[in-house]
2 protein chains.
Amino acid sequence: MVDKIECCECCEHHTELIERVRKSGVSKERLYDLAELFKVFGDTTRIRILFALFKNEMCVCDIAELLSMTHSAISHQLRVLKQAKLVKCRKDGKTVFYSLDDSHIETIIGQGLNHVSE
Amino acid sequence: MVDKIECCECCEHHTELIERVRKSGVSKERLYDLAELFKVFGDTTRIRILFALFKNEMCVCDIAELLSMTHSAISHQLRVLKQAKLVKCRKDGKTVFYSLDDSHIETIIGQGLNHVSE
DNA sequence: TGAATATATGAACAACCGTTCATATATTCA
DNA sequence: TGAATATATGAACGGTTGTTCATATATTCA
């Protein structure tokens with residue numbers, strides 16, 4: 001794959017196509033970040049948490065009850081979601097309320113739901 | 001977590017919230033499918049392949065050259081993308097051309113790019 | 001037909017990831 | 001202050017996943 005000559009015939013034919021993508025302006029690094037973002041969406045627990053927060057903010061305890069999972073598991077996932085800037089939190093006494101951080105999130109999940117609903 | 005009484009105080013307070021999410025009409029199963037979909041987007045190689053196909057259909061060999069990866073690795077990932085109905089293929093002689101299967105895909109990736117571009 | 005080419009696929013290995021368990025921190029209230 | 005409660009976190013374990021390697025299939029063309 002070092003050189004076009006050593007590659008298959010096929011590659012010689014579509015060099016222009018390849019160059020076009022290379023010059024598209026979206027860097028490999030940005031696509032890497034994008035994959036990281038989708039990786040966060042790509043877990044059942046986290047998607048269910050995000051979906052729960054569509055309507056209202058919720059505390060760790062509520063989410064744990066809703067999903068029938070331990071507080072610890074939920075807390076770990078909320079940490080991942082927070083690092084990805086998908087949720088934010090607000091502390092009220094002992095309780096921490098989580099909510100969606102961004103309106104993009106509903107759009108992304110909405111489009112995904114369209115796709116899986118076909 | 002069996003019973004509201006045995007749960008924390010907090011849960012008692014937000015039972016209505018929990019019920020509202022439970023009755024939202026989107027099932028656990030559909031959210032599971034949604035996570036599966038995003039899981040497919042959540043890999044650098046696959047995202048780069050999908051992005052490459054934004055502009056044009058491409059053969060396995062072109063994609064391998066573009067990403068500097070082996071034909072085998074690309075072929076394996078194209079299989080995953082095809083199973084998820086994100087790409088479709090067309091055979092022309094020895095060559096197999098892949099393209100995006102659905103217009104939702106560009107929207108989802110576009111929204112994702114918005115999020116990571118902040 | 002047989003060599004060359006393009007793609008597909010099964011097995012295996014390493015790396016990654018989500019949960020659990022134990023424990024720590026933070027806050028309230030008696 | 002000390003008990004009780006809500007959340008956070010580190011370590012560890014088991015399961016998943018992406019790549020590589022070897023090999024198989026399919027197609028063209030001499």
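Within every chain, numbering begins at 1; the chains are lettered A, B, ... in the order of the sequence lines, protein sequences first and strands thereafter.
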**Q.** Contact letters for nucleotides 23-30 of chain C, in which S counts primed atoms plus P, OP1 and OP2 and B counts the base, heavy atoms under 4.0 Å
**A.** ---SBS--
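- Across residues 72-85 of chain B, B/Ser72, B/Ser75, B/His76, B/Arg79 each have a non-hydrogen atom less than 4.0 Å from an atom of DNA chain C (numbered order).
- A donor-acceptor pair under 3.5 Å links the side-chain atoms of B/Asp43 to the main chain of B/Arg46, judged by distance alone.
- Annotation: the span from A/Leu31 atom CG to B/Ile47 atom CD1 amounts to 7.0 Å, rounded to 0.5 Å.
- Summarising the geometry, the separation between CZ on B/Phe97 and P on C/dA6 is reported as 11 Å, rounded to the nearest angstrom.
- Side-chain N/O atoms of B/Thr70 include one lying less than 4.0 angstrom from OP1 or OP2 on D/dT20.
- No side-chain donor-acceptor contact under 3.5 Å links A/Arg20 to the backbone of A/Thr15.
- Nucleotide D/dT17 holds its C1' atom 9 Å from the CG atom of B/Asp43, rounded to whole Å.
- For the atom pair CZ (A/Arg48) and CZ (B/Arg30), the distance works out to 15.0 Å, reported to the nearest 0.5 Å.
- You'll find the side chain of B/Phe38 stays beyond 4.5 Å of the side chain of B/Val40, heavy atoms only.
- Heavy atoms from other residues, nucleotides or ligands lying under 6.0 Å from NZ of B/Lys28 number 12 at most.
- Dashed line: the shortest gap from a side-chain N or O of A/Tyr98 to OP1 or OP2 of D/dA6 is not under 4.0 Å.
- Remark: the backbone N or O of B/Val21 is paired with a side-chain donor or acceptor of B/Ser24 at under 3.5 angstrom.
- Under the 3.5 Å distance criterion, with hydrogens and angles disregarded, no donor-acceptor pair is assigned to the side chains of A/His104 and B/Asn114.
- Here CD1 of A/Ile49 is found 5.5 Å from CD1 of A/Ile63. Values are rounded to the nearest 0.5 Å.
- In this structure C/dG18 sits in a base pair with D/dC13, meeting the Watson-Crick or G-U test at under 3.5 Å.
- Pairing of D/dT19, defined by two Watson-Crick or G-U wobble distances under 3.5 Å, is identified with C/dA12.
- A close approach under 4.0 Å does occur between a side-chain nitrogen or oxygen of B/Thr45 and OP1 or OP2 of D/dT19.
- Atom NZ of B/Lys39 and atom C1' of D/dG15 are 11 Å apart (whole Å).
- Proximity of a side-chain donor or acceptor of B/Lys88 to a complementary backbone N or O of B/Leu100 within less than 3.5 Å is detected.
- Rounded to whole Å, atom P of D/dT9 lies 16 Å from atom NE2 of A/His71.
- Residues of residues 46-57 of chain B having a heavy atom closer than 4.0 Å to DNA chain D, listed by number: B/Arg46.
- Pair assignment for C/dT28 gives D/dA3, based on Watson-Crick or G-U wobble hydrogen-bonding distances that are each under 3.5 Å.
- Taking the side chain of B/Cys59 as heavy atoms from C-beta on, and the options C/dT19, C/dT7, D/dT7, the nearest nucleotide is C/dT7.
- Under the 6.0 Å cut-off for aromatic ring centres, A/His115 and B/Phe41 do not qualify, their centroids lying 6.0 Å or more apart.
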